[in-house]
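The analysis underlying the following values was restricted to heavy atoms, covering all of them including side chains, and did not include hydrogens, waters or symmetry mates. In what follows, every chain begins at residue 1, and chains take the letters A, B, ... in the order their sequences are listed.
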Protein chains: 2
Amino acid sequence: MKSDVVPPEVESPVKRPRGRPRKTVDERDDGNRRQALLAHAAQLFRRKGFDATTTRDIAAAAGMQSGSPFYHFKSKDALLYAVMEEGMRSALARQLTTTQAPGYSDLSAADQLRLLVAAHFSVLLGPGSDFVPVMLYESRALPVRQRKSLALLIGKYESLWLPVLNSLHASGQLRAPVRLARLLILGALNWTVQWFDPKKGASLQELTDAAMSLFLKEC
Amino acid sequence: MKSDVVPPEVESPVKRPRGRPRKTVDERDDGNRRQALLAHAAQLFRRKGFDATTTRDIAAAAGMQSGSPFYHFKSKDALLYAVMEEGMRSALARQLTTTQAPGYSDLSAADQLRLLVAAHFSVLLGPGSDFVPVMLYESRALPVRQRKSLALLIGKYESLWLPVLNSLHASGQLRAPVRLARLLILGALNWTVQWFDPKKGASLQELTDAAMSLFLKEC
DNA sequence: CCTACCGATCGGTAGG
DNA sequence: CCTACCGATCGGTAGG
């Protein structure tokens, strides 16, 4: 197919007043259209993976034409990064409201860990939780630059677990080295994305109980 | 500039009669070329993911031209499946030689679990271990038909853990429900693919010790 | 296993 | 945000 048929009717006398919108920013804040794109992108990235999801898929899911996502995001990578950043932001916010709630510091270390685990599961498996799983399982698709930027947030999130784990290690309820214990515990939690189905089997509560009784000695 | 570089030694009189080889089979067993394709595919699938790896990448890594992988595998999907099947086959073989070794049944349940964990880590993180990680992290890319076929092998592998875990549960060394415990434990182990680096940090031995002391009560 | 392709698709863009 | 594209790439194949 060559360039032969140009429809002559598409000639508007009134051009756009000030040219096209700036393209130098990664995204524009045009309200809910951008949010809709993010939510559908998160869902599709989670279900099919980043590479197997086309920008056309995302546009169609949001009710747009194929080129329109690029009005809101300058590239597919930028969309992925926005999804992941939103995921980390919500995970961090959730964790902070947990640890800063009144009475948290009065709890036993075991109960503190239980709250952290429950919050982690909630943001990972609860309703509307597509952003964090995408961050966990698709970060390989991210350019190195942005991966490092995300690593800062991840490091902050992981460091929030250390005081509790140190305390449990000191009291003998956690015997494994704290650094390895944190990696193994978070691994067990993160892997639930692969098999947990809220509509059948165990509840989030039972899952949290099982994790606690698996990790802690309390004897 | 094409028909002059045919090495005369590959011209076997009994080789191929004429025409092209049958295409009805998924693969042909032509020895090490097929194995080389599999190994390079496993490595690339693991590092970049299935969708981000092109059949041209694989061909180049194996020193072939872009169309040649399709002489050995009828599709990119067939290559992925072959990698995964090889992964599961080696994992099962490893696990069976562990549990059927002389003296295994005389060990304590805790020591039996330790052997299973060590074998799992070996096949997951040891030298030349690209096949199992691909199976763990890329099965979403597999057509449903073949995914179900793999699920049989996976179920068999997972069921091998149940006797040991049941025994530990009965003796109080494992308090979590066995079904959930198995999922959480294997999750913790499988996630090590994301962070374990054999060239720095802990050794496989230390990793196994940490996992055992994290999961078991031994009190 | 190579050469020489093809049809389809995809990320992205010009211009409005 | 839509229309109408393009250049590049990719899985796969015909024929030897």
Side-chain angles (χ1 to χ4, degrees), chain A residues 1-24 26-34 36-37 41 44 48-60 62-80 141 143, chain B residues 1-12 15-24 26-34 36-37 41 44 48-60 62-80 141 143:
Chain A
M1 44 187 158
K2 307 284 187 173
S3 55
D4 44 4
V5 274
V6 175
E9 90 276 27
V10 235
E11 257 311 300
S12 167
V14 181
K15 311 276 188 179
R16 295 179 109 248
R18 324 241 178 261
R20 323 217 335 279
R22 339 195 305 255
K23 287 286 197 170
T24 43
D26 277 19
E27 61 238 33
R28 312 193 85 246
D29 196 336
D30 284 338
N32 69 25
R33 300 281 55 199
R34 185 174 182 277
L37 275 173
L44 287 164
K48 315 192 342 179
F50 174 76
D51 288 308
T53 301
T54 69
T55 56
R56 284 165 170 80
D57 290 338
I58 300 169
M64 300 176 181
Q65 296 303 313
S66 65
S68 302
F70 298 97
Y71 175 75
H72 297 277
F73 297 90
K74 87 165 203 284
S75 70
K76 193 188 177 190
D77 281 343
L79 238 176
L80 177 63
Chain B
M1 48 201 65
K2 43 178 181 174
S3 58
D4 51 354
V5 283
V6 175
E9 88 263 30
V10 287
E11 192 54 42
S12 166
K15 198 82 174 214
R16 287 185 274 124
R18 124 185 35 207
R20 320 203 351 269
R22 337 199 312 259
K23 287 286 197 170
T24 44
D26 277 20
E27 61 239 28
R28 312 193 86 250
D29 196 338
D30 284 338
N32 69 26
R33 301 281 55 202
R34 184 173 182 277
L37 276 174
L44 287 164
K48 315 195 337 179
F50 174 75
D51 289 308
T53 301
T54 70
T55 55
R56 284 164 169 82
D57 290 338
I58 300 168
M64 299 176 181
Q65 296 304 313
S66 65
S68 302
F70 298 97
Y71 174 74
H72 297 275
F73 297 90
K74 87 165 203 282
S75 70
K76 194 188 177 191
D77 281 343
L79 237 177
L80 176 63

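- For the pair A:R33 and D:dC1, the criterion of a side-chain N or O lying under 4.0 Å from OP1 or OP2 is met.
- In this structure, A:Q65 reaches the D:dT3 phosphate: one of its side-chain N or O atoms is under 4.0 Å from OP1 or OP2.
- Closest non-hydrogen pair, B:A141 versus B:F50, comes out as CB-CD2, 3.5 Å.
- Distance from the side chain of B:R56 is smallest for D:dC10 among the nucleotides D:dC1, C:dC1, D:dC10.
- Following rounding to the nearest Å, A:K76 (NZ) and C:dC10 (C1') show an atom-to-atom distance of 8 Å.
- Remark: B:M64 CE to B:R56 CZ distance equals 15.0 Å, nearest 0.5 Å.
- A:F70 has its CZ atom 19 Å from the P atom of D:dA4, to the nearest Å.
- In this structure, NZ of B:K48 is placed 13 Å from P of D:dT9, rounded to the nearest angstrom.
- Distance check: A:L80 CG to A:D77 CG gives 6.5 Å after rounding to the nearest 0.5 Å.
- The interatomic distance linking A:I58 (CD1) with C:dG11 (P) rounds to 8 Å, in whole Å.
- Heavy-atom minimum distance, B:D57 versus B:A52: OD2-O, 4.0 Å.
- Straight-line distance from the CG atom of A:L44 to the C1' atom of C:dC10: 15 Å, rounded to whole Å.
- An angle of 0°, rounded to 10°, separates the two end axes of the helix from C:dC1-D:dG16 to C:dG16-D:dC1, each defined over five pairs.
- Remark: P of D:dC1 and CE of A:M64 are 4 Å apart, rounded to the nearest angstrom.
- Of all heavy-atom pairs spanning A:Q65 and A:P69, the tightest one is O-CD, 3.5 Å.
- Residues meeting the salt bridge (Lys or Arg N to Asp or Glu O under 4.0 Å) test with A:D51, sequence neighbours left out: none.
- Distance CG (A:D51) to C1' (C:dT9): 14 Å, rounded to an integer number of Å.
- Here the C1' atom of nucleotide C:dG12 and the CG atom of A:L80 are 17 Å apart, to the nearest Å.
- In the set D:dC2, C:dC1, C:dG11, D:dC2 carries the atom at the smallest distance from any side-chain atom of A:S68.
- Smallest separation of non-hydrogen atoms from A:L37 and A:A62: CD2-CB, 3.9 Å.
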